[in-house]
Amino acid sequence: MSIHNVRLEVMQFLEKKVNGFVDDFLIPVEKIWQPSDLLPNSEGENFFEEVRELREIAKDLPYDFWVTLVGDTITEEALPTYESWLMDVEGVDQMQPNAWSKWVRQWTAEENRHGDLLNKYLYLSGRVNMKEIEMTTQHLIADGFDIGTGRDPYKNFVYTSFQELATYVSHNRVSQLAKKHGDGKLAKICKLIAGDEMRHHMAYSEFVTQIFKVDPSEMMLAFAYMMKQKIVMPAHFLRESGQTISSAFENFSDSAQRIGVYTAADYVDILQKLNDKWEIDKVTNLTDEAEKARDFLMKLPARMTRISERLVIPQESYIFKWVNPARI
């Protein structure tokens, strides 16, 4: 049987569990928070007063913080790219909707709230150039991305397991920094978004756990493949208006590293967490090739730690069109 057919067979085998995953890891629409719960009430008599308070507190947040928050927002706003990619994964059927397509749609519906909320916060803050942000978002959706997974569900679930945890780390750190700078409202916003990302990470990592049980060698090879390629961030084609795809993502990443929101050490830590979560040291019945892949994965965190310790992050901030330093 071809690898393609085995992947499809495993996805069909696991499909009967997916409705349970929806119940375990997603929250019904009527029970989950909505962006309007966390923003000034536009129907209320105190709306303008609440907006003025939000804008006043926002004045104390530093430049690299704003760049990081804007980059996180744009990443969340590019959700159409991520849904369209996942709907094309082997075993996800949107022509004859199955449990996997139900999962992707309901996951997307939860994620969609993040961009809505952060976008409205940025707009009300008055500290950023919304038109430039909107153009960058449109470019990012139009340009798409290539995360190196193809239609392979195993590789895609490794990617989403890693990326959801990375997004949790980023939003959680932004929440901590916002609180440190006295913006309790933004701290709560980012903490709630981080909570969603952790739930989603737990779901996707559980998908991988289940695949390891029925197809351990191929799952191990897919995991090793993704880590050899390196996990690229969803916004890796980030660009500003008037630019071709350039180093904008690298400059955004430098801002995040300077303030400790998401660093090379975090990347290594996430890899180690996935090794531990999936207990790859205990997986049995592996082929010789998969054993070599496991050995690579076990040694990789230490190797990457040594590399990350040698990285030098520029101390001078790149000036984005999104944020005018004169206004910060």
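Keep in mind that the numbers below use all heavy atoms, side chains included, and drop hydrogens, waters and symmetry copies. Just so you know, these numbers come straight off a predicted model, no measurement behind them.
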4.5 Å side-chain heavy-atom contact, [X] and [Y]:
X	Y	value
Phe25	Tyr204	no
Ser125	Leu54	yes
Val128	Met130	yes

State whether a side-chain donor-acceptor pair under 3.5 Å links [X] with [Y].
X	Y	answer
His171	Glu76	yes
Ser170	Asp72	yes
Thr73	Asn119	no
Tyr159	Trp85	no

Does [X] pair with [Y] as a salt bridge, N-O distance under 4.0 Å?
X	Y	result
Lys273	Asp269	yes
Asp295	Lys292	no
Glu218	Arg7	yes
Arg113	Asp196	yes

Between Phe13 and Lys16, is there a cation-pi geometry (under 6.0 Å to ring centre, at most 45° from the normal)?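 Geometry flag: set, cation within 6.0 Å and 45°.
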
Does Arg173 make a cation-pi contact with Tyr262, if we ask for NZ or CZ under 6.0 Å from the ring centre and within 45° of the axis?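 Ring-cation test returns no.
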
What donor-acceptor contacts under 3.5 angstrom involve side-chain atoms of residues 30-51, with partners at least two apart or in another chain?
| unit_1 | atom_1 | unit_2 | atom_2 | d |
| --- | --- | --- | --- | --- |
| Asp37 | OD2 | Gln34 | N | 2.8 |
| Asn41 | OD1 | Glu43 | N | 3.0 |
| Glu50 | OE1 | Asn41 | N | 3.1 |

Strictly under 6.0 Å, is that where the ring centroids of Trp278 and Phe223 end up?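 Yes - the distance between ring centres of Trp278 and Phe223 falls below the 6.0 Å cut-off.
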
Please identify each residue that fulfils ring pair (Phe, Tyr, Trp, His ring centres under 6.0 Å) with Phe162, with sequence neighbours left out.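 For Phe162, the residues satisfying ring pair (Phe, Tyr, Trp, His ring centres under 6.0 Å) (neighbours in sequence not counted) are Tyr267.
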
Which heavy atom in Phe249 sits nearest to a heavy atom in Ala235, and how many Å separate them?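 The pair with the smallest heavy-atom distance is CD1-O, 3.3 Å.
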
Nearest-0.5 Å distance that lies between atom CG in Leu124 and atom CD in Glu53: 12.5 Å

Backbone N or O of [Y] within a donor-acceptor pair of the [X] side chain at under 3.5 Å?
X	Y	answer
Lys321	Ser241	yes
Glu15	Ala99	yes
Thr68	Asp64	yes

Full working for side chain to side chain contact (heavy atoms under 4.5 Å, CB included) between Lys188 and Lys191: CA-CA 5 Å; Lys188 183 177 181 180; Lys191 186 173 183 179; 5.6 Å; no

Cys190 and its side-chain contact (heavy atoms from CB on, under 4.5 Å) partner, picked from Val174, Leu117, Asn172: Val174

Among Thr81, Val92, Val104, exactly one meets side-chain contact (heavy atoms from CB on, under 4.5 Å) together with Leu86. Which residue is that?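 With Leu86 as partner, side-chain contact (heavy atoms from CB on, under 4.5 Å) holds for just one option, Val104.
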
Has Met87 got more than 12 heavy atoms of other residues, nucleotides or ligands less than 6.0 Å from its CE?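 It does: Met87 CE has more than 12 such atoms within range.
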
If you count heavy atoms of other groups shown closer than 6.0 angstrom to CG of Asp276, is the number above 12?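 Count over threshold, so yes.
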
Working for side chain to side chain contact (heavy atoms under 4.5 Å, CB included), residues Tyr82 and Thr75: CA-CA 10 Å; Tyr82 318 145; Thr75 301; 3.7 Å; yes

Please determine whether residues Met233 and Phe145 belong to a single hydrophobic cluster, defined as Ile, Leu, Val, Met, Phe, Trp and Tyr linked transitively by side-chain heavy-atom distances below 4.5 Å.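 Yes, one cluster joins them.
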
Can you tell me how the ring of Phe320 sits relative to the ring of Trp322, calling it parallel under 30°, perpendicular over 60° and tilted otherwise?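 Parallel: the ring planes of Phe320 and Trp322 meet at under 30°.
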
Going through the distances and angles, do Phe21 and Trp100 end up as a ring-ring contact (aromatic ring centres under 6.0 Å, His included)? CA-CA 10 Å; Phe21 294 150; Trp100 284 113; 7.1 Å; no

